[in-house]
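Report on the structure given below.
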Number of protein chains: 2
Amino acid sequence: MAVRPQICEACSIKDLTFCSALHGDEHDQLRQLLTHAHYDPHTTIFHEAEDADYVFNVTSGSVKLYKLLGDGRRQITGFLFAGDFLGLALNANYSYTAEAIEPVTACRFPRQKLEKLFDKFPHLEKRMLGMAVDELAAAQDQMLLLGRKTAKEKVASFLLMLARRQEHRGESSETINVPMSRSDIADYLGLTIETVSRTLTQLRKEAMITLKDNRHIEAVGLDMLEDLAEGL
Amino acid sequence: MAVRPQICEACSIKDLTFCSALHGDEHDQLRQLLTHAHYDPHTTIFHEAEDADYVFNVTSGSVKLYKLLGDGRRQITGFLFAGDFLGLALNANYSYTAEAIEPVTACRFPRQKLEKLFDKFPHLEKRMLGMAVDELAAAQDQMLLLGRKTAKEKVASFLLMLARRQEHRGESSETINVPMSRSDIADYLGLTIETVSRTLTQLRKEAMITLKDNRHIEAVGLDMLEDLAEGL
DNA sequence: CGCGACTTTGACCCTGATCAAAATCCGTGG
DNA sequence: CCACGGATTTTGATCAGGGTCAAAGTCGCG
């Protein structure tokens, strides 16, 4: 948990990801595969239903993943930050759209070649499976949030998630960075921007958070947010 | 898609699952691992946060998976039927509770031993990864449902899901089997039992479905349900 | 400094929740 | 086979959390 993440010298992937399991030879082969990619804000990294030819490893910036309904309603299924893995679709197509929020740098791997490397180094595949299982658990938490939590609980859970992941990346969780817009938050929590805004001011008035500016929030105490988030 | 599922003679696992990738020697080793288990309705197969010592393969019956909030609010994260895999938690603990709805039979594998087998037969692990990725895509669809669909769209999506999986198992999708209670449906869709009930009668009045009895529904046409479910 | 985009706040509304009661289902025992 | 009783489901009446529409306030970049 308290492991300080480090940039892997060979491929500049944070060692939070599967890359850190590699050594020497393996690492070199992985490095030969990848190309470095850069995406500006509001740029699409890939589209839902597009051929899943690449997988990515975010090295900086932030990304949102989303799905759309026929009439344009949007559900953001997740946010990615430095160290997160992207495009874990071993099937033919991506199941969501990925779009940069802040300027993003990422390592891009051709999926086919990466899979061949899996055959050579099975523990790489093991690591991939572990990541998929973690994501699955996170997805189930999010279902609980979307299906059963109140607006206030949703927002508290969201802030807590940001704080925890910030910590996990080795950044201070003193002030919470909120790179995404209110609209993104709303579509992530199954709310409207108005409700997100109102709920944040409510939390502020109840002295649970301080709004430093639109993109920076300070939590007075994470424990209060935790209790809220768990429905206690 | 139209593959007729068959019970694998060796271990009685439906060939819809990873077991069908095995042959001869591999199959024997897998068979030695498993024990057959049976669970009565309303029986818990495992609890959230329990040590994840086993993984399961459902061979008959139906299962619900759920998570709880501190005050008892419940979110059902999925239903499992014959051929479905259960307990895909490679971490130490299960991330949800699994409970039998109808009488369940399942093959039970000790996780540690199964993982050792993975080292011997890497394509088994590949298959596992594939299943995890599929589940992940399903989880994202469910997030879209929970966060952005109306009650009517949720119920339509639910019926469609049941019909499709029934078909996938090789059963007729003429009449949809609904083994779970209204309360289970509600907790799966993020609604209340009253809303589920009202929505079903509404769909009946609009002649989209016929309620044969509480556990059997006939869809007049799946295309209408599909349009509803996709928000068109 | 000015303009467009984003966010907040306010007033009102609607979908789905809650509370309550009637109807139906289903297992049990006479 | 039917009568009973608890559990589940349906239906009805009312309520409220969060959505919608509208306007004012901020932010941020040129």
Side-chain angles (χ1 to χ4, degrees), chain A residues 40-42 64 69 71-76 101-103 145-159 177-206 209-217 228 231, chain B residues 40-42 64 69 71-76 101-103 145-159 177-206 209-217 228 231:
Chain A
D40 287 326
H42 307 293
K64 61 188 173 197
L69 283 171
D71 60 0
R73 276 172 288 170
R74 185 178 68 153
Q75 179 65 40
I76 291 187
I101 297 175
E102 295 173 299
L145 178 147
L146 290 168
R148 287 298 178 223
K149 290 187 186 177
T150 64
K152 200 171 168 184
E153 291 165 347
K154 285 178 176 182
V155 172
S157 306
F158 171 69
L159 293 176
N177 287 320
V178 187
M180 61 290 286
S181 68
R182 295 292 184 264
S183 163
D184 287 341
I185 300 174
D187 283 348
Y188 179 64
L189 299 177
L191 300 170
T192 58
I193 44 177
E194 292 94 330
T195 300
V196 170
S197 178
R198 273 188 256 271
T199 307
L200 283 172
T201 63
Q202 191 193 351
L203 291 177
R204 177 172 54 73
K205 283 179 183 164
E206 292 173 5
I209 60 172
T210 313
L211 291 158
K212 310 190 74 174
D213 68 57
N214 277 339
R215 297 286 186 261
H216 298 274
I217 291 176
L228 242 182
Chain B
D40 287 325
H42 306 294
K64 62 188 174 199
L69 282 171
D71 61 359
R73 276 172 288 170
R74 184 178 69 152
Q75 178 65 40
I76 291 188
I101 297 174
E102 295 172 301
L145 177 147
L146 291 167
R148 287 298 178 226
K149 289 187 186 177
T150 64
K152 199 170 169 185
E153 291 165 347
K154 285 178 176 181
V155 172
S157 305
F158 171 69
L159 293 176
N177 288 319
V178 187
M180 62 289 288
S181 68
R182 295 291 183 265
S183 162
D184 288 341
I185 301 175
D187 283 349
Y188 180 64
L189 299 177
L191 299 171
T192 58
I193 45 177
E194 293 94 330
T195 300
V196 170
S197 178
R198 273 187 254 272
T199 307
L200 283 172
T201 62
Q202 190 193 350
L203 290 177
R204 177 172 53 72
K205 283 180 182 164
E206 291 172 4
I209 59 172
T210 313
L211 292 159
K212 310 190 74 175
D213 69 57
N214 277 340
R215 297 287 185 262
H216 298 273
I217 291 176
L228 241 182

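Given the structure is predicted, the values throughout are model-derived calculations rather than measurements. Note on naming: letters A, B, ... go to the chains in the order of the sequence lines (proteins, then strands), and numbering restarts at 1 for each one.
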How does protein reach along nucleotides 11-25 of chain C, written 5' to 3' as B (base within reach of a heavy atom under 4.0 Å), S (only sugar-phosphate), or - (no contact)? B----SSBB------
Rounding to an integer number of Å, can you tell me how far A:R182 CZ sits from D:dG18 C1'? 18 Å
Considering every strand and a 4.0 Å limit on heavy-atom distances, what is the contact class for A:S197: base, sugar-phosphate, or nothing? base
How many Å lie between CD1 on A:I193 and P on D:dG18, as a whole number? 17 Å
Residue pair A:Q75 / A:Y188: nearest heavy atoms and the distance that separates them: NE2-O, 3.2 Å
Whole angstroms only, please: what is the CG-P distance between B:D184 and D:dA7? 17 Å
Please round to 10 degrees the angle between the axis of the first five pairs and the axis of the last five pairs in the helix from C:dC1-D:dG30 to C:dG30-D:dC1. 40°
Just how far, in rounded Å, is C1' of D:dT26 from CG of A:L211? 13 Å
Check A:L200 against A:I209 and note the closest heavy-atom contact, atom names and distance. O-CD1, 3.7 Å
Could you note down all residue pairs passing salt bridge (Lys or Arg N to Asp or Glu O under 4.0 Å) where residues 180-195 of chain B supplies at least one of them, sequence neighbours left out? A:R148-B:D187, B:K64-B:D184, B:R74-B:D184, B:R74-B:D187
With sequence neighbours left out, write down each residue that passes salt bridge (charged side-chain N to carboxylate O under 4.0 Å, His left out) with A:D71, or none if nothing qualifies. A:R73
Residues that B:S157 engages under side chain to side chain donor-acceptor pair (under 3.5 Å), provided they are two or more places apart: B:K149
How close do B:A186 and B:I193 get, heavy atom to heavy atom, and via which atoms? CB-N, 3.6 Å
For the residue pair A:L145 and A:K154, what are the closest heavy atoms and their distance? O-CE, 3.4 Å
A:L146 and A:G190 have their tightest heavy-atom pair at CD2-N, 3.8 Å
Output the rounded distance in Å from CE (A:M180) to C1' (C:dA5). 19 Å
Do the side-chain N or O atoms of B:R215 get closer than 4.0 angstrom to the phosphate oxygens (OP1, OP2) of D:dT9? yes
D:dT11, OP1 or OP2 - any side-chain N/O from B:T201 closer than 4.0 Å? yes
To the nearest angstrom, how far is A:K154 atom NZ from D:dG18 atom P? 7 Å
Who are the salt bridge (charged side-chain N to carboxylate O under 4.0 Å, His left out) partners of B:R215, not counting sequence neighbours? none
Report the distance from atom CG of A:D187 to atom P of C:dC6, rounded to the nearest whole Å. 13 Å
